[in-house]
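Read the structure below first, then the notes.
The basis for the numbers below is simple: all heavy atoms, side chains too, and nothing from hydrogens, waters or symmetry mates. Just so we're on the same page: letters track the sequence lines, and every chain starts at 1.
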Amino acid sequence: MKLDLWLLDISYDVINKDIPEIRMWGITPDGRRVVVLDRSFRPYFYVVPKTPEDAGKIAEVLKRRYGDRILKVDITDRKYFGRSITVLRITCKIPAHVKFLRDRVKEIPGIADVLEADIRFYMRYMLDNNIYPCSWNTVEAEEVPNKENWQVDAVYLAKQPPLRSEREDIPKLKVLAFDIECYNPRGTPKPDRDPIIMIGIATNEGDRVILKADDLNDLNIIREFIALVRKIDPDVIVGYNSNRFDWIYLLNRARRLKIKLNISRANSEPAQSVYGHFSILGRANVDLYDFAEELTEVKVKTLENVADYLGVKKKNERVLIEGAYIYKYWDDPDKRSQLEKYLLDDIESTLGLSEKFLPFAIQLSSIVGLPLDQVGSASVGFRVEWHLMRHACELGELIPNRIERPYATYKGAIVLRPKPGIHENIAVLDFSSMYPNLMIKYNISPDTYVSPMDYRGEEDVYVAPEVGHMFRKYPDGFYRRVLKRLLEARKAVRSKLKDLEPGSPEYRVLYERQRALKVIANATYGYCGWLGARWYKREVAETTTAWGRHTIRDTIDLARKLGLRVIYGDTDSIFVVYDKAKVDELTRIIRDKLGLEIKPDKIYTRVFFTEAKKRYCGLLTDGRIDVVGLEAVRGDWSELAKEVQEKVIEIILRENRVDRAVDYVRDVIRKLESGKIPLSKLIIWKTIGKELEEYEAAAAHVSAARKLIEAGFKVDKGDKVGYIIVRGSGRLSDKAMPYIFVDSIDQVDIEYYIKKQVVISALRILEYFGIREDHLISEKRQASILDFF
DNA sequence: GCCTTGAAGTTACCG
DNA sequence: ACCGGTAACTTCAAGGCG
């Protein structure tokens with residue numbers, strides 16, 4: 001029978017010792033949860049002989065030595081960086097044999113390279129058969145008995161691999177959000193010491209469950225959790241930071257209590273896998289934190305902050321509990337209900353975030369081809385790489401190995417020195433997808449590169465400005481083909497969007513799709529200059545930025561020739577005094593002469609620059625204030641300093657009243673002096689960017705982190721530490737105290753907050769208008785300093 | 001021994 | 001574990017001065 005399958009998850013196992021069985025877990029159009037098996041596919045890899053003539057001999061050696069593992073050896077032709085080469089394709093019985101052979105085979109004389117031997121079997125299957133997760137696939141299959149008692153409506157055996165289908169809808173997925181709370185009287189909870197005290201579950205079908213431990217015995221809630229997940233049988237399980245915390249903790253506790261966390265559709269435990277995610281067979285386990293990380297507007301990415309920012313659950317409409325004190329709410333019978341409410345708010349927030357992030361995750365998965373549970377935990381580089389691998393396979397190009405490379409840099413983009421002060425009526429003209437379009441235009445790709453050694457003068461090449469690298473004009477390079485497809489696909493999706501009702505489910509799907517396409521296109525340049533990339537080529541990255549500099553310089557010259565006054569520019573944008581006719585003319589010439597698109601992106605009624613590059617603020621024509629690069633948008637300044645700068649900017653841009661801005665700042669300083677500013681606004685957050693032992697300098701956040709560790713808390717690389725500067729002597733770093741240890745404003749070094757936070761962030765703007773520190777510090781304070789002397 | 005200065009270390013931003 | 005360009009902070013050691 002023919003079967004349509006929306007692919008949710010894919011796995012494999014080896015049956016009868018030597019048959020690899022691909023398992024495609026998915027959903028049918030009538031809403032059944034099924035698994036389709038395919039036993040017809042075998043793993044393989046390639047061997048590149050030093051000379052094509054050696055191929056036959058190598059094949060003989062391979063078969064003689066490893067005949068028990070090798071099914072067959074084919075000598076065939078493939079493309080490698082655009083060139084046709086002869087390779088041996090070695091098909092093995094089971095995936096483990098590829099791993100076994102790939103290192104041993106290298107020892108055989110006459111072998112230049114081993115390729116595609118590091119690709120997971122189920123990815124190999126999807127790659128070769130052009131099967132995409134989170135997409136519809138059609139397969140000819142027959143139903144077989146559910147021998148293993150998997151949690152599905154039916155098991156099918158495929159007669160041949162599925163084919164991608166045209167259907168674009170997304171089936172209704174059953175989503176389960178969960179969160180755990182642990183007992184933590186001694187700092188960060190440890191699974192070998194501290195039990196789980198509560199587990200919360202929420203589903204998109206309205207279920208809300210709060211499980212509670214029997215005092216400090218968590219055996220029953222873990223059992224109940226397992227039973228509940230199985231009963232609800234979700235397609236997607238979401239958590240917040242679940243791959244780095246909840247699953248590890250749950251598995252650890254379960255192991256200690258000698259129970260199995262068998263919640264997968266194959267009745268197995270979550271298992272840690274590639275990119276650090278936990279795989280739950282037959283379901284998609286998605287850690288929403290991975291997607292929250294991309295929200296640069298939220299600086300401290302706690303669940304509360306992210307949910308608040310996205311309007312999922314406002315902070316003032318929920319229970320907030322300081323994480324370190326959770327145990328107190330458990331121990332105190334009067335407070336325990338608050339903890340329950342807190343957990344309920346958390347799981348509802350998590351569920352709410354899934355509505356915000358899953359549509360994008362699904363599109364990303366269907367574009368780059370990584371399963372839904374992996375696509376979030378894979379870094380940007382790996383997402384781009386899988387997208388490239390998909391296309392390489394389709395184009396018959398061999399996939400290069402990941403190799404270690406020595407450190408190397410190259411020149412990047414141009415940033416213009418801004419003209420300081422206030423400018424009125426400024427248009428920001430932006431190139432659309434500049435780097436991808438330049439890579440397409442000049443056919444910049446590893447396979448079209450012509451080294452000076454190889455260049456004989458007869459080839460038609462583009463020569464890059466400044467750096468002189470050459471790239472063949474034809475045929476189309478790998479990056480050109482891939483990027484063209486991406487940009488064209490995005491264009492097509494966007495034109496479809498125009499005919500849809502914003503707010504409709506179809507609109508949402510396509511909107512997220514075009515967004516995912518854009519993200520991948522824009523990250524491809526960065527990828528090609530990444531030392532860890534399979535398709536790394538310094539010349540490719542270097543040439544792209546060289547053409548970028550050339551293009552923006554030409555654009556500036558042209559703009560000036562047309563009589564446009566250029567006040568600033570960065571990489572792919574120029575800020576000009578807005579004259580519609582001249583801007584239209586510029587746009588037209590760039591389109592006709594360069595084949596690139598430049599258009600007004602934003603228009604500022606007024607915009608303010610200091611001497612610094614990459615930092616400015618402006619009043620947009622729609623009345624909104626835009627702050628770029630300044631303290632107000634940085635995560636490593638106190639809320640107070642940011643708020644002050646924001647208000648100052650607002651007063652200057654909207655009212656143009658320096659005196660009022662000064663009054664405002666002085667008022668804030670008075671409040672600070674009289675203890676009327678809440679401690680929460682004084683916290684400074686900074687990321688621990690490396691292992692604590694590796695720090696050479698005594699930095700404030702590191703010192704605060706050490707104080708946390710002293711008190712039993714765990715601080716890992718990548719964590720953000722929040723601290724307050726308290727009174728005392730010595731270096732600033734000595735006075736950095738984790739905020740949870742500060743409970744009174746009397747402990748705070750008010751002087752620091754005045755001079756190094758409020759005044760500095762205010763003067764960043766006001767200095768241009770002739771204001772200095774002593775204008776901002778109130779008379780009372782000055783008097784007190786005088787008195788002191 | 002104290003103060004100034006500039007390099008180094010560090011983070012987070014822009015596009 | 002995506003790039004380079006940039007600003008800005010604190011620390012720290014060297015250099016200058018007396």
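- Rounded to whole angstrom, the span from the CZ atom of A:Arg549 across to the P atom of C:dG4 amounts to 12 Å.
- Of the candidates A:Ile444, A:Val540, A:Ile440, A:Val540 is the only one forming a side-chain contact (heavy atoms from CB on, under 4.5 Å) with A:Tyr479.
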At under 4.0 Å between heavy atoms, how does the protein contact nucleotides 9-15 of chain B? Give one character per nucleotide, 5' to 3', with B, S or -.
SSBBSBS
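- Computed from coordinates, the A:Leu438 CG to C:dC3 C1' distance equals 15 Å when rounded to whole Å.
- If you measure from atom CZ of A:Arg402 to atom P of C:dC2, you get 10 Å, rounded to the nearest angstrom.
- Regarding contacts with the backbone of C:dC3, every side-chain N or O of A:Arg538 stays at 4.0 angstrom or more from both OP1 and OP2.
- Among the protein residues, A:Ala698 comes within range of the sugar-phosphate backbone only, with heavy atoms under 4.0 Å from sugar or phosphate atoms but none that close to a base.
- A:Gly526 comes within 4.0 angstrom of a base, heavy atoms only.
- Residue A:Thr524 has no polar side-chain atom (N or O) positioned under 4.0 Å from OP1 or OP2 of C:dC2.
- A:Thr544 comes within 4.0 angstrom of no nucleic acid atom, judged by non-hydrogen atoms across all strands.
- Note: CZ (A:Arg731) to C1' (C:dC12) measures 10 Å, nearest angstrom.
- Rounded to whole Å, the distance from CZ on A:Phe609 to C1' on C:dA7 is 15 Å.
- Whole-Å rounding puts the A:Leu364 CG to C:dC2 P distance at 14 Å.
- Residues A:Gln757 and A:Leu672 fail the side-chain proximity criterion, which asks for heavy atoms closer than 4.5 Å.
- Residue A:Lys537 contributes atom NZ, which lies 17 Å from atom P of C:dC3 at whole-angstrom precision.
- The shortest side-chain heavy-atom distance between A:Lys755 and A:Ile777 falls under the 4.5 Å cut-off.
- Residues A:Ile399 and A:Trp535 meet the side-chain proximity criterion, which asks for heavy atoms closer than 4.5 Å.
- OP1 or OP2 of C:dC9 has at least one side-chain nitrogen or oxygen of A:Arg764 nearer than 4.0 Å.
- If you find the closest nucleotide of DNA chain C to A:Ser733 and to A:Ala408, the one lying nearer the 5' end belongs to A:Ala408.
- Among residues two or more places apart in sequence or in another chain, the salt bridge (Lys or Arg N to Asp or Glu O under 4.0 Å) test is passed with A:Arg553 by A:Glu466.
- Between A:Met123 and A:Pro371, the closest side-chain pair of non-hydrogen atoms falls below 4.5 Å.
- Between the side chains of A:Ser445 and A:Arg481, not a single donor N or O lies within less than 3.5 Å of an accepting N or O.
- What separates OH of A:Tyr407 from P of C:dC2 is a distance of 15 Å, to the nearest Å.
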